[in-house]
Asks: 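Quick one: the structure is below, and I'll ask about it shortly.
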Amino acid sequence: EVQLVESGGGLVQAGGSLRLSCVASGFSFDDYAIGWFRQAPGTEREAVSCFSRADRTNYYLDSVKGRFTISYDIAKKTVYLQMNSLKHEDTAVYFCAAGPYSDYDLYETCEYGMNYWGKGTLVTVSS
């Protein structure tokens, strides 16, 4: 059974940093794309960052490039999202998700192929 459990959200002032964690189980990092998504009130969910260990590719939403970094620890089966220089508009519920990575198209998998989702962790950035 695939499980994804997020943690690390909280309240932070604009300009500050947070690191989100997602503990994954039930699948291999070599066979799945894994990513972070967010949804703010009244908006659609958007992909923040995704990666594939299979072909060493990653994706970042334009608005977070240079500020957010996705990484993982295979031994701990944990995916991280380091968020620096946070802005008020980064406020959202952040979700970890995973999907089978078979066609080696990271953007396609990230946008349309995530089958498994965590419950989310709330990030609030005060201005």
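In what follows, every heavy atom counts, from backbone to side chain, and hydrogens, waters and symmetry copies are set aside.
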Asks: Indicate whether the side chain of D55 and that of Y101 have a donor and an acceptor atom separated by less than 3.5 Å.
Replies: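 Result is yes, a qualifying pair exists.
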Asks: Classify the side-chain pair N84/S17 by whether it contains a donor and acceptor separated by less than 3.5 Å.
Replies: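 Looking only at side-chain atoms, S17 and N84 do form a donor-acceptor pair, the distance falling under 3.5 Å.
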Asks: Tell me whether L86 is reachable from Y60 by hopping between hydrophobic residues (I, L, V, M, F, W, Y) whose side-chain heavy atoms are closer than 4.5 Å.
Replies: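 Cluster IDs for Y60 and L86 match.
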Asks: Should the pair D62-K65 be classified as a salt bridge under the 4.0 Å nitrogen-to-oxygen rule?
Replies: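 Looking at D62 and K65, the cut-off is met.
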Asks: Thinking salt bridges, do E6 and K119 make one under a 4.0 Å N-O criterion?
Replies: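 So E6 does not pair with K119 through a salt bridge.
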Asks: Centres of the F29 and Y32 rings: under 6.0 Å?
Replies: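 No, the ring centres sit 6.0 Å or more apart.
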Asks: Can you confirm whether V123 sits close enough to M83 that some side-chain heavy atom of one is under 4.5 Å from a side-chain heavy atom of the other?
Replies: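 Yes, their side chains come closer than 4.5 Å.
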Asks: Do the side chains of L106 and C50 get nearer than 4.5 Å, heavy atoms only?
Replies: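 The answer is yes; the side chains approach within 4.5 Å.
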Asks: About how many Å separate OG of S85 and CZ of F68, when rounded to the nearest 0.5 Å?
Replies: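 If I round to the nearest 0.5 Å, the distance is 9.0 Å.
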Asks: State whether D90 and R38 are salt-bridged, where the test is any N-O pair (Lys NZ or Arg NE/NH1/NH2 against Asp/Glu carboxylate O) under 4.0 Å.
Replies: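 Yes.
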Asks: Over 60° means perpendicular and under 30° means parallel, so classify the ring planes of Y107 and Y59, tilted if in between.
Replies: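 Taking Y107 first and then Y59, their aromatic rings stand perpendicular (interplane angle over 60°).
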Asks: Mark yes or no: K77 above the aromatic ring of F27, with NZ or CZ under 6.0 Å from the six-membered ring centre and no more than 45 degrees from the axis.
Replies: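 The answer is yes, since K77 meets both limits relative to F27.
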Asks: With a 4.5 Å heavy-atom cut-off, do L4 and V23 have their side chains touching?
Replies: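 SC-SC contact between L4 and V23 ruled out.
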Asks: Do the ring centers of F37 and W117 come within less than 6.0 Å of each other?
Replies: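 Yes, close enough.
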